[in-house]
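Order of listing sets the numbers, starting from 1, for every ligand and every atom in it. Below, each value reflects all heavy atoms present in this structure, side chains not excepted, and no hydrogens, waters or symmetry copies.
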Amino acid sequence: MRILVAGNGGREHALLWKLRRDAPEASFFATRPNGGMAGACEAVDFAPGDPRLASWAAAAKIDLAVVGPEAPLADGLADRLGELGVPVFGPTAAAARIESSKAFAKRLMARAGVPTAAFEVHEDLAAAKACIDAMQPPVVVKASGLASGKGVSVCPTAGEAVTAARHALEGGFGEAGKQVVIEECLEGEELSVFFLAGGDGVLPLLPSQDHKRAGEGDRGPNTGGMGAYAPVGFATEELLEEVERTVATPVLAAMAEAGCPFSGLLYAGLMITSEGPKVVEFNCRFGDPETQAVLPLLSSSLLEPMLAVARGDGVAGVRLEFRDAAAVCTVLAARGYPGAYGKGDPVSIPALPGETFVFHAGTVLGPEGLATSGGRVLAATAVAPTFEGARAASRTAAEAIDFDGKQFRRDIGWRESRRRQPAGTRLGRNGAGPESPLPHKENAK
Ligand code: GLY
């Protein structure tokens, strides 16, 4: 079997790692693999968005192409692969609009009765202003298109909301901001749920929670994600059934009805509110860094359902099994991230105790060894029988890995940790000092 992974971040390293475990005998290929993927696959020297990648895959007789990032999916990579007869795990460009057009996704949810924040879509600043006034801040202003995770502003005041809408509508995010979605601000706790979707139903993976802010205590600027953990204590089986019934199933049915059936990985980004789960966003691909926490807990094959989806066989006959354990993933970023950061610093990864996996993102393997090449450099995922064990081991690994300018959060999973402490003994986010609860009110990437 010949398997191509398109993409070269931490998520794609985790996908490659899991698929290699599922099929050790297979040949693996990846587009411009990072320093950790390089030794585990053959390099294909095309970016995932390069139109030549599909013809390469057809000529190379690829049996399964797995597309990691959203941008090439939105650009039609899955369509091109499909047209050339390459089985692909990932949605068509039309179906990827569930992520690449927030206006499309919100209207679809409204039609399908999927719970989500009240919203309006605007292309004109005067109308956007009127909507902001009527909605009464706090509100969330979102560029409708893909804006590299930067297009969402949580705005406590009308002035900030108007500034955010003006910035988007006047070209701050290029074409991606020509339409804005203005929506009410949801209050609650966030949850990420992945569904493998194959046309005949869905297979949910373990729920996870990520940490989007750069600073400890969920403060500071938004990032691509500074860590994640799975499973999540409050995500009971009943809650997951509710999410499948009220979110995944109706939205997928609405997509099929709209003529753009979705196949691949549907990521439901949820806010668990006092009224139940509401959708903050959908993504058309695995989450990063949640994937780095979820896949190490998947004990059954990922390859089997991916092939079933890619071949159009559906997922009805497939069962997923997960380990009875916890995984905590700490992201190590370069100094300055999410702003400007340096590159080319040597990276040293010592032997790590226990079950710890290091997934690479912004690394490159050169003649001089491993060096940094991106903002998020590595993710250290620890798996342990207990949540606290996984949390401590992930932090220990993050401390032991070395590169100049390394920054990471020491409080990944602090909400879960607090939940698990008996009432009256609750400690701070780093396990010391009194906890200062922060409201979690930010339906923003
Ligand atoms: N972790 C958020 C995302 O993948 O979009």
Next on the checklist: Tell me every residue that passes ring pair (Phe, Tyr, Trp, His ring centres under 6.0 Å) with F173, counting only those two or more places apart in sequence or in another chain.
Outcome noted: H167

Item to check | Side chain, backbone, both or neither: the part of E290 lying under 4.0 Å from ligand 1 by heavy atom | outcome: side chain

Checklist outcome for this item: For D210, the ligand 1 atoms with a heavy-atom partner under 4.0 Å come out as 1 (N), 2 (C)

Item to check | Atom indices of ligand 1 within 4.0 angstrom of G287 heavy atoms, with elements | outcome: 4 (O)

Next on the checklist: Please tell me whether F282 and Y267 form a close aromatic pair, meaning their ring centres lie under 6.0 Å apart.
Outcome noted: no

Item to check | Contact summary for Q179 and R107, nearest pair of heavy atoms | outcome: NE2-NH1, 4.1 Å

Checklist entry - Taking both backbone and side-chain atoms of R285, is any N or O found less than 3.5 Å from an N or O belonging to ligand 1? => result yes

Checklist entry - Are the side chain of H122 and the backbone N or O of V181 linked by a donor-acceptor pair below 3.5 Å? => result no

Checklist entry - Any heavy atom of Y267 sitting closer than 4.0 Å to ligand 1? => result yes

Next on the checklist: Give me each pair satisfying salt bridge (Lys or Arg N to Asp or Glu O under 4.0 Å) with a member in residues 288-306, each pair once, sequence neighbours excluded.
Outcome noted: D288-R376

Checklist entry - Quick one: does E281 get an N or O within less than 3.5 Å of an N or O on ligand 1? => result no

Checklist outcome for this item: So the atoms of ligand 1 within less than 4.0 Å of a heavy atom of N283 turn out to be 5 (O)

Item to check | Lys NZ or Arg CZ of R97 over F104 ring: under 6.0 Å, within 45° | outcome: yes

